[in-house]
Each structure stands twice: as C-alpha cells, then as structure tokens.
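Some notes on the structure that comes next.
For reference, positions follow the sequence shown, starting with 1. Everything quoted here is computed from the prediction, not taken from an experiment. Just so it is clear, the values below take in all heavy atoms, side chains as well, and ignore hydrogens, waters and symmetry mates.
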Amino acid sequence: MARAFVAIRPPDAVCDALEALALRLDEGRPTRWENLHLTLAFLGEAPAGAMEDVALELEAIEAEAPEIVFEGVGVFGGREPRSAHARIRPDPALSALAKAVRRAARRGGMELPAERFTPHVTVARFGARDPAGEGLARWLEREKGFRADPFRPAAFGLWRSELRAGGPLYTEMMRLPLL
C-alpha cells in the first residue's frame, strides 16, 4: 500500500519564504522545507497496482500552467485549528488542473471524496502535543498581507508519503509537464 497525493512543488525561493513564514508562527509543527507543496488531490492509501493505473491517467493530462499567487494566510479546523497555511489566489487554470487530476485519479480506480478545492500550502500543523495557542491569532493578523513571488510551475507530480516518527517523508514518484 502506498499513501499518495498529486501536488505542485514551489520553486526553492518560494519555499524559503514559506519556511520563514512558518518559523514566525512559533506554535505547532512547522512543515519542513522539503515537504512544502500545493496539493491538487490527496489520493490516500492505495495498492501499487492502483497507483500505476492512476499514473497512466495522469500522463494523459494536458493542462495550462496556472499562475500561483500567494495572498495572506489562514487556518483549517475552526475553533480547534489543525493547520495554518499560506493562501493562494483562486486561478481558473489551477482549478481546471485540480479537476483534471481528480478525474484522472477516479478513472485510475481511486475513490475520492467530494471536496471543495481550496488552494493553499500548509506551513504548520497543530495537535494534542503541539496545540495552537494565542500566538496563532497574532500570527494571522501580522501575516495577513503575506506575499511570495508568483510563479508558473513547469510541472506537477505524483508523490508518495511515508509517515515516520520524525515527520512524513515525501518522495516524488512521477513528474508531469504543464503547457
């Protein structure tokens, strides 16, 4: 079984800015630099054979490279935040790419839940051992104008996620070009 997702990896300079943003939070568990990404679809656990079918379907995608523009910060989880993120301005090409990826995954045999695509890059996670506190509200206010260099990705990728005690390890299994 493989735990997998499809994502766009930001350029190194953007990852530097996102890492700095995470370190200014001082709460939760910051996302490691090498793990920063914009998820297009979370595929979950799947047998290797299913991943091969999904990979074949992903290869057929011909999509325009979206413009990725960062606009502020946010959290998921409401009263008990689970994560903090850098928000990404909605872009028709980005939404179309996410839809194409989800359709390809379904054609490849994956059962994905219906969910709204909210473009973002997670910069920190919270949990019982690393809860969000008063510093989160101050960070949200202080960083509401966060910006990073906009970019147009040349590719998106199929990634594997291995959960480990020291945090997840993400490995790109396949890189797919964008137009």
Side-chain angles (χ1 to χ4, degrees), residues 2-15 17-19 21-22 31-47 50-78 81-125 146-163 168-179:
R3 183 177 159 96
F5 59 93
V6 180
I8 293 171
R9 171 73 180 167
D12 289 355
V14 173
C15 288
L18 292 165
E19 180 183 51
L21 173 68
T31 302
R32 294 190 337 237
W33 185 91
E34 61 273 14
N35 285 351
L36 293 164
H37 65 276
L38 187 174
T39 301
L40 298 170
F42 179 70
L43 306 179
E45 298 278 342
M51 284 292 98
E52 290 172 13
D53 292 342
V54 170
L56 287 172
E57 294 294 338
L58 290 172
E59 284 181 323
I61 293 176
E62 291 185 7
E64 173 188 343
E67 182 177 26
I68 309 296
V69 178
F70 291 89
E71 291 187 332
V73 295
V75 296
F76 290 125
R82 296 181 319 272
S83 64
H85 59 267
R87 288 196 315 247
I88 296 172
R89 178 191 305 159
D91 174 78
L94 182 57
S95 295
L97 175 60
K99 285 178 186 173
V101 164
R102 291 180 65 77
R103 279 193 307 270
R106 286 187 177 112
R107 281 192 310 270
M110 299 299 299
E111 292 185 30
L112 303 180
E115 57 186 31
R116 196 174 119 221
F117 177 62
T118 304
H120 68 282
V121 174
T122 299
V123 296
R125 295 194 184 280
F146 173 77
R147 301 287 183 266
D149 292 337
F151 68 97
R152 285 194 185 270
F156 65 102
L158 175 59
W159 293 77
R160 174 188 194 145
S161 172
E162 293 178 55
L163 300 179
L169 173 65
Y170 299 153
T171 306
E172 189 175 41
M173 299 184 294
M174 174 184 205
R175 182 172 288 221
L176 302 139
L178 291 165
L179 304 176

Could you check if a side-chain atom of Glu71 sits within less than 4.5 angstrom of a side-chain atom of Arg147, using non-hydrogen atoms only?
yes
Between Phe117 and Leu40, is any pair of side-chain heavy atoms under 4.5 Å apart?
yes
Check whether more than 12 heavy atoms from other residues, nucleotides or ligands sit under 6.0 Å from atom CZ of Arg175, and answer yes or no.
no
I need the minimum non-hydrogen distance between His85 and Val75, along with the two atoms involved.
CE1-N, 3.4 Å
Is there a side-chain contact between His37 and Tyr170 (heavy atoms, below 4.5 Å)?
yes
Checking Arg3 side chain against Gly44 main chain: does a donor-acceptor pair fall under 3.5 Å?
no
Using the six-membered ring wherever Trp is involved, compare the ring planes of Phe70 and Phe146 and label them parallel, tilted or perpendicular (cut-offs 30° and 60°).
perpendicular
Closest approach of Met51 and Leu43, non-hydrogen atoms and distance?
CE-CD1, 3.9 Å
Does Arg87 use its side chain to pair, donor to acceptor, with the backbone of Thr118 at less than 3.5 Å?
no
Residue pair Phe156, Leu38: steps toward the side chain to side chain contact (heavy atoms under 4.5 Å, CB included) verdict
CA-CA 9 Å; Phe156 65 102; Leu38 187 174; over 6 Å; no
Stepwise side chain to side chain contact (heavy atoms under 4.5 Å, CB included) test for Ile8 and Leu97
CA-CA 11 Å; Ile8 293 171; Leu97 175 60; 4.1 Å; yes
Please examine the side chains of Val101 and Phe5, heavy atoms only from C-beta on, and report whether any two atoms are closer than 4.5 Å.
no
If you apply the rule side chain to side chain contact (heavy atoms under 4.5 Å, CB included), what do you find for Leu21 with Val73, and how did you get there?
CA-CA 9 Å; Leu21 173 68; Val73 295; 3.9 Å; yes
Is Arg89 reaching over with its side chain to a backbone N or O of Ile68, donor-acceptor style, under 3.5 angstrom?
no
Looking only at heavy atoms, the pair that brings Thr122 and Thr31 closest together is O-OG1, 3.0 Å
Could you check if a side-chain atom of Glu115 sits within less than 4.5 angstrom of a side-chain atom of Arg102, using non-hydrogen atoms only?
yes
